[in-house]
Protein chains: 2
Amino acid sequence: MDIEDPPIEALDLPHPARDDIALTQVLFALSDPVRLELVREIAAGPKEMAACDALRPDIPKSTRSHMVKVLREAGVLRSEPLGRCRLLQLRRADLEARFPGLLDAVLTRS
Amino acid sequence: MDIEDPPIEALDLPHPARDDIALTQVLFALSDPVRLELVREIAAGPKEMAACDALRPDIPKSTRSHMVKVLREAGVLRSEPLGRCRLLQLRRADLEARFPGLLDAVLTRS
DNA sequence: CATATGGTTCAACTATATTCGAACCATGGA
DNA sequence: TCCATGGTTCGAATATAGTTGAACCATATG
């Protein structure tokens, strides 16, 4: 029996460091209604991307992947491999540290 | 909510009513660095548009007019005729009533 | 291994936003 | 009334963003 190589982190997608999160980019990422809805869902708790499929089955996976990319690159979400899935998490602490109160203001439903 | 903005009278340019201010539109309007800078300037106190000319003389007036339009239509600013000028004011009370804490979070420099 | 699953990336297209000169409009003052 | 000033609007070019199928990639499972 060969010893297996450690897992390749091939699908480790880039996330901005906390201090590199830019306000205008965050605002832009949240300025799309569908992306904002996605963020609200994830704010309720970490979600597998596949779970978001069920919520909006009308959106093709390539489109959804692009939406998540915009949010990830803005520093709003973290997207980590989890088995065959991806776990989406809101970067609450980072956003709160960088822009105190912003997330609450945006996520509060009125 | 005790603080009331002065009523919007028959201005020649349309402003959304408080309840019609949409979060995503506000976020979008603020997501441009130059527009955000303009908002920060106006947040310090009402400004004549001409005064903004001095701050960024590189920007043509048609471009600046368009920037103000985006902010006005989003409900971020009020733009009132004042003699031959226009007075730009942040719609603080309306924004605070609609999205509490948002403005503070966005305008706080970090 | 083969295959199904979950997701990314590519490429091409459509759609929306931005830019800015020029024309235009309104006001205040001489 | 004429003119200068401050600003809007138009129009056309450019730039950026969104959408999507198809191809591709990694992993889990049989």
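Residue numbers begin at 1 in each chain, while the letters A, B, ... track the order of the sequences.
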Chemist: Using a heavy-atom cut-off of 4.0 Å across all strands, would you classify A/Arg84 as base, sugar-phosphate, or nothing?
Modeler: base
Chemist: Would you mind reading off the distance between A/Arg72 atom CZ and C/dG7 atom P, rounded to a whole angstrom?
Modeler: 14 Å
Chemist: Side chains of A/Ser79 and A/Arg86: any donor to acceptor distance under 3.5 Å?
Modeler: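 Yes.
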Chemist: What nucleotide among D/dG7, C/dT18, D/dG18 has an atom nearest to a side-chain atom of A/Val70?
Modeler: D/dG18
Chemist: With a 4.5 Å limit on heavy-atom distance, are the side chains of A/Asp32 and B/Thr24 in contact?
Modeler: no
Chemist: Output yes when at least one side-chain N/O atom of B/Arg86 is less than 4.0 Å from OP1 or OP2 of C/dA26, else no.
Modeler: no
Chemist: Taking CG from A/Asp58 and C1' from D/dG18, how many angstroms apart are they, rounded to a whole number?
Modeler: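 Atom CG in A/Asp58 sits about 15 Å away from atom C1' in D/dG18.
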Chemist: Once you round it to whole Å, what is the distance between P of C/dG7 and CE of A/Met67?
Modeler: 15 Å
Chemist: Taking CG from B/Asp12 and P from C/dA26, how many angstroms apart are they, rounded to a whole number?
Modeler: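 These atoms are roughly 9 Å apart.
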Chemist: Using atom NZ of B/Lys61 as one end and atom P of C/dT18 as the other, report the distance to the nearest whole Å.
Modeler: 21 Å
Chemist: Return the value, rounded to whole Å, for the distance between atom CD of A/Glu48 and atom C1' of C/dT8.
Modeler: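 Result: 17 Å.
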Chemist: Show each protein N/O and nucleotides 10-17 of chain C N/O combination with a separation under 3.5 Å, one pair to a line.
Modeler:
none

Chemist: To the nearest 0.5 angstrom, please state how far the CD atom of B/Glu41 sits from the CG atom of B/Leu38.
Modeler: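 Those atoms lie 7.5 Å apart.
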Chemist: Just the rounded figure in Å: distance from C1' of D/dG6 to NZ of B/Lys69.
Modeler: 18 Å
Chemist: In whole angstroms, how far is the C1' atom of D/dG7 from the CE atom of B/Met49?
Modeler: 7 Å
Chemist: Atom CD of A/Glu96 and atom CG of A/Leu102: how far apart are they, to the nearest 0.5 Å?
Modeler: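 Going from CD on A/Glu96 over to CG on A/Leu102, the span is 8.5 Å.
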Chemist: If only side-chain N and O atoms of A/Thr63 are considered, is one of them under 4.0 Å from the OP1 or OP2 phosphate oxygen of D/dT20?
Modeler: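 A/Thr63 to D/dT20 OP1/OP2: side-chain N or O found under 4.0 Å.
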Chemist: Within the side chain of A/Arg92, is there an N or O that forms a donor-acceptor pair under 3.5 Å with the backbone of A/Leu103?
Modeler: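 No.
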Chemist: Quick one: does B/Arg72's side chain get under 4.5 Å of B/Arg78's, heavy atoms only?
Modeler: no
Chemist: Could you tell me whether the side chain of A/Leu82 reaches within less than 4.5 Å of the side chain of A/Glu48, counting heavy atoms only?
Modeler: yes
